[in-house]
Amino acid sequence: MADTVREIERKYEAGDDTGAARFPDLSGAAPVAAVTDRGTQELDAVYYDTADRRLLAAGITLRRRTGGTDAGWHLKLPVAEGVRDEIRAPLSARVPRTLAALVRSRTRDSALTPLVRITSRRRVLHLLDEHGTLLAEASEDRVRAVRLRDGESSTQWTEYEVELAEGTGPGLFDALEPRLRKAGLRRSKAPSKLSRALGTEAAAEERRPRKDKGSASAGDHVLDYLRQQVEAVVALDPGARRGTEDAVHQMRVATRRLRGAFRSYRKVLDRRATDPLGEELKWLAAELGVDRDREVLADRLRQRLDEVPRALVRGPARARLRAWSGGRRTGSRRRLADVLDSKRYLALLDALDALLADPPLRPAAARPPRPVLAKAVLGDYGRLATRIDAALAAGPGPGRDTALHDARKAAKRARYAAEAATPALGGAARRFARQMKSVQTLLGDHQDSVMARGALREIVDQAHGAGEPTFTFGLLYGREEQQAAQDERELPGLWAEASDKRWRAGLV
């Protein structure tokens, strides 16, 4: 079983890197009251990656380490600058399957093999507050790195690190920095030992040449947006597998943004290439939604039940809701893992990479961005306006529900198109996107109410079959009907505001 530790640290190096420098006395640097020497450790780590260093390019490291207090396999995933999640697994001869799965969106079918061996002699200091509570661990590493490919070569250096203890705020870094600078230590340019060993001190993210904003074409803007969404899908994959909060939802949003961009910018990208990818993205979004939709629906029903006066809660209503939710949850996490390990998913990632490497551009892609992108955004707006008119004209009942759901999807597409165009169109596109989001939100609440009523019918059937009272669920059903009716009453006014021409005037 893998354990996860949040690692918040800053790395330093000496100006001359002679190895003679040592940490200055940090006691008295508020809030540090005392420093204790915890002795030295001998650490031996072998770092693994693909032959083309895909993990390193993404700021990820995977190592097998012996020595110290945490021997085992360590996978470090970037969270923010200076912040990583370290996922640990016990020592074994091969890369643990749990860790290999977490980097599969990067590695695909490529093997993980030894890349560099790094040995360190580490001196450890504990920084304590006035109560003796650990604030941070400071370490001084005498490092020797040996490359294991293309002929062995070695390099040596000394690096210094301050890692915060759990519960310590990042302000401690700033409190210590003056003394570290005075001692001749500066922030390290290398994000990890592995990057320094390989001489890649640049940022972990792959650098791509970017055109000056003023000379970028419509195709450049669309492709840059697509790259961002593809990278989001790949980067969120480990969190989706681990059940990290909101990872599945954000991954699903990225797939929808990709699909929306393919459809909105058909004058830029050839749909003969993008339509098949769009269908695969639709499949992936549906699979990602199995867990997410259940969670959203269960949370909505729990909240609605909490709003009911206790005297009106008849029978084991909460237990029945938990049983319904739990029954739908069974196997969903395993199913998601199977989807993310499937050949179909990995083939989709490969196909997206191939499209970005050799994009199927149409003539409009070479034109200036403003007229091309603005026309696409306004086209999506016109599509939304038609669907809103149809929904407002529909009579009450399932037909109107379907029409409003179709309008919601159109609002989402218009919003995403505007967000993609914002770097080129500026504040006008940003304001337009906000208006489309407001429409999407209202219509989303209406659709959630439709889905909640469907779920309540299922729950009533289950409760009735078990001989339980169904009064409370009928009450919830009525409240959901009222909420949907309220959304429908609010829509004309909201749409009148969102469709005001001033939100579109700056696009062209």
Side-chain angles (χ1 to χ4, degrees), residues 218 221-222 225 228-229 249-250 252-267 285 296 300 369-452 480-508:
H221 279 279
V222 172
Y225 180 77
Q228 293 174 33
Q229 305 315 314
H249 172 59
Q250 292 302 325
R252 190 185 188 193
V253 168
T255 65
R256 286 175 165 172
R257 283 177 169 152
L258 279 167
R259 186 164 174 250
F262 289 157
R263 299 171 75 181
S264 296
Y265 295 108
R266 288 176 174 175
K267 296 295 185 181
V296 170
R300 182 183 182 100
R370 178 170 286 276
V372 174
L373 303 187
K375 185 176 181 179
V377 173
L378 292 175
D380 280 344
Y381 164 79
R383 180 170 173 271
L384 169 61
T386 298
R387 293 196 176 187
I388 290 285
D389 289 343
L392 292 176
R400 176 184 286 177
D401 292 341
T402 299
L404 289 169
H405 184 44
D406 289 342
R408 176 202 181 195
K409 290 186 286 187
K412 188 181 300 184
R413 177 169 157 180
R415 170 195 169 191
Y416 290 162
E419 289 174 348
T422 294
L425 304 184
R430 189 178 301 110
R431 290 187 291 272
F432 178 79
R434 283 200 298 267
Q435 293 301 316
M436 296 303 99
K437 183 179 179 180
S438 68
V439 175
Q440 175 194 333
T441 299
L442 179 70
L443 294 174
D445 183 68
H446 184 276
Q447 177 62 15
D448 287 346
S449 177
V450 172
M451 298 302 293
E480 287 293 353
E481 283 187 320
Q482 292 176 349
Q483 181 61 58
Q486 178 65 28
D487 291 335
E488 292 174 19
R489 286 193 295 272
E490 291 180 9
L491 178 59
L494 179 64
W495 175 241
E497 167 67 17
S499 61
D500 191 296
K501 64 181 180 181
R502 70 178 183 274
W503 305 121
R504 308 189 303 281
L507 296 178
V508 294

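Owing to the predicted nature of the structure, the values given are computational and were not obtained by experimental measurement.
- Here the rule is side-chain hydrogen bond (donor to acceptor under 3.5 Å, both in side chains) with Gln486, and of Arg489, Gln482, Glu488 only Arg489 fits it.
- A pairwise comparison of heavy atoms in Pro492 and Leu392 identifies CG-CD2, 4.0 Å as the closest pair.
- Minimum heavy-atom separation, Ala429 to Thr422: CB-OG1, 3.7 Å.
- Between Leu425 and Arg370 the shortest side-chain heavy-atom distance falls below 4.5 Å.
- Counting only heavy atoms from C-beta outward, the side chains of Arg263 and Arg413 approach each other to under 4.5 Å.
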Please determine whether salt bridge (Lys or Arg N to Asp or Glu O under 4.0 Å) holds for the pair Asp406 and Arg383, giving the CA-CA distance in whole Å, both sets of side-chain angles, and the decisive distance to 0.1 Å.
CA-CA 10 Å; Asp406 289 342; Arg383 180 170 173 271; over 6 Å; no
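- Side chain of Ser449 to main chain of Asp445: no donor-acceptor pair is present (N/O by atom type, distance under 3.5 Å, no hydrogens or angles).
- Around the NZ atom of Lys412, the shell of radius 6.0 Å holds more than 12 heavy atoms that belong to other residues, nucleotides or ligands.
- With hydrogens and angles disregarded, a donor-acceptor distance shorter than 3.5 Å links the side chain of Tyr265 to the backbone of Ala417.
- Inspection of the Arg408 and Gln447 side chains reveals no N or O donor paired with an N or O acceptor under 3.5 Å.
- To the nearest 0.5 Å, the span separating OH on Tyr416 from NZ on Lys437 amounts to 9.5 Å.
- The shortest side-chain heavy-atom distance between Glu497 and Trp503 falls under the 4.5 Å cut-off.
- Contact detail for Ala498 and Gln435: the closest heavy-atom pair is CA-OE1, 3.4 Å.
- Side-chain atoms of Arg300 and Glu480, non-hydrogen and from C-beta on, do get closer than 4.5 Å to each other.
- You'll find the side chain of Thr255 stays beyond 4.5 Å of the side chain of Arg259, heavy atoms only.
- Gln483 contributes atom CD, which lies 10.0 Å from atom CG of Asp448 (distance to the nearest 0.5 angstrom).
- The two residues Ala420 and Pro423 have their closest heavy-atom pair at O-CD, 3.4 Å.
- Atom-to-atom distance recorded for Leu443:CG and Ile388:CD1 is 5.0 Å, nearest 0.5 angstrom.
- In this pair, Tyr381 and Trp495 present their aromatic rings parallel. The plane angle is below 30°, not in the 30 to 60° band.
- Using a 4.5 Å cut-off on side-chain heavy atoms (C-beta onward), His446 and Asp401 make contact.
- Counting heavy atoms from C-beta outward, Leu491 and Leu404 have side chains that approach closer than 4.5 Å.
- For the atom pair CZ of Arg257 and OG of Ser264, the computed distance is 12.5 Å after rounding to the nearest 0.5 Å.
- Between His221 and Pro369, the closest heavy-atom pair is CD2-CB, 3.5 Å.
- In terms of heavy atoms, Glu419 sits closest to Ala433 at CG-CB, 4.0 Å.
- The closest side-chain heavy-atom distance from His405 to Val450 is not below 4.5 Å.
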